[in-house]
Amino acid sequence: MTSLDSATSVVRSAIAEVLSVPSDQVKPSATIADHQIDSLEWVEIAVIIEEQLGVQLEPADFAGARTVADMAGILHAAMAAR
């Protein structure tokens, strides 16, 4: 099982890769709106997470997420359910 810290790191890294920014610019407390992630970028983020962890998530799985930390919590829960 992946820890919440590990899930946060993976989500931050995936967002940073998709947005072409350093991962330290993706703060867990940042809102999704802060990063202006569009629908194609959601798909790219989900693909990166699947490639890194083998967890298949759909962009819709993150629909309730307001922050990067929320996204990490969703990923952590998905990992725990495996």
Side-chain angles (χ1 to χ4, degrees):
M1 180 167 70
T2 300
S3 72
L4 183 56
D5 287 341
S6 295
T8 301
S9 179
V10 169
V11 169
R12 288 178 66 198
S13 175
I15 291 171
E17 182 177 334
V18 168
L19 298 180
S20 299
V21 299
S23 61
D24 63 351
Q25 288 185 9
V26 181
K27 305 291 185 202
S29 61
T31 66
I32 302 307
D34 290 339
H35 293 297
Q36 300 176 352
I37 298 170
D38 66 27
S39 58
L40 180 57
E41 291 166 336
W42 279 114
V43 171
E44 291 178 55
I45 291 165
V47 168
I48 291 168
I49 290 170
E50 182 176 2
E51 288 173 351
Q52 289 184 3
L53 299 177
V55 176
Q56 186 173 11
L57 293 172
E58 298 297 325
D61 294 334
F62 293 120
R66 294 187 183 267
T67 66
V68 173
D70 291 344
M71 290 177 65
I74 292 165
L75 173 59
H76 183 253
M79 291 294 297
R82 285 179 55 186

(request) Looking only at non-hydrogen atoms, find the nearest pair between Ala14 and Ile48 and report the distance. (result) CB-CG2, 3.7 Å
(request) Can you measure from CD (Gln25) to CG (Leu19) and round to the nearest 0.5 angstrom? (result) 10.0 Å
(message) Going by the rule side-chain contact (heavy atoms from CB on, under 4.5 Å), which residues pair with Val43 if we only count those two or more places apart in sequence or in a different chain?
(response) Val47, Pro59
(message) Among Thr8, Asp70, Val55, exactly one meets side-chain contact (heavy atoms from CB on, under 4.5 Å) together with Leu75. Which residue is that?
(response) Val55
(message) Just verifying a value: how many Å separate Ile45 CD1 and Glu17 CD, rounded to the nearest 0.5 Å?
(response) 10.0 Å
(request) Heavy atoms only: give me the nearest Ala65-Ile32 pair and the separation to one decimal. (result) O-CG1, 3.8 Å
(request) Could you check Val26, Asp34, Thr31 and say which one makes a side-chain contact (heavy atoms from CB on, under 4.5 Å) with Val68? (result) Val26
(request) Starting at CD1 of Ile37, measure out to CZ of Phe62 and round the result to the nearest 0.5 Å. (result) 9.5 Å
(message) Minimum heavy-atom separation for Ser23 and Arg12, please, with both atom names.
(response) O-NH2, 3.0 Å
(request) Rounded to the nearest 0.5 Å, what's the gap from OG on Ser6 to CD on Gln52? Could you check? (result) 11.0 Å
(request) Of all the heavy-atom pairs spanning Glu41 and Gln36, show the shortest one and how long it is. (result) OE1-O, 3.5 Å
(request) Could you tell me which non-hydrogen atom of Leu57 sits nearest to which non-hydrogen atom of Ala78, and how far apart they are? (result) CD2-CB, 3.8 Å
(request) Taking all heavy atoms of His35 and all of Lys27, pick out the closest pair and write down the distance. (result) NE2-N, 4.5 Å
(request) Quick one: pull up OG in Ser39 and CD in Glu44 and give me the separation to the nearest 0.5 Å. (result) 10.0 Å
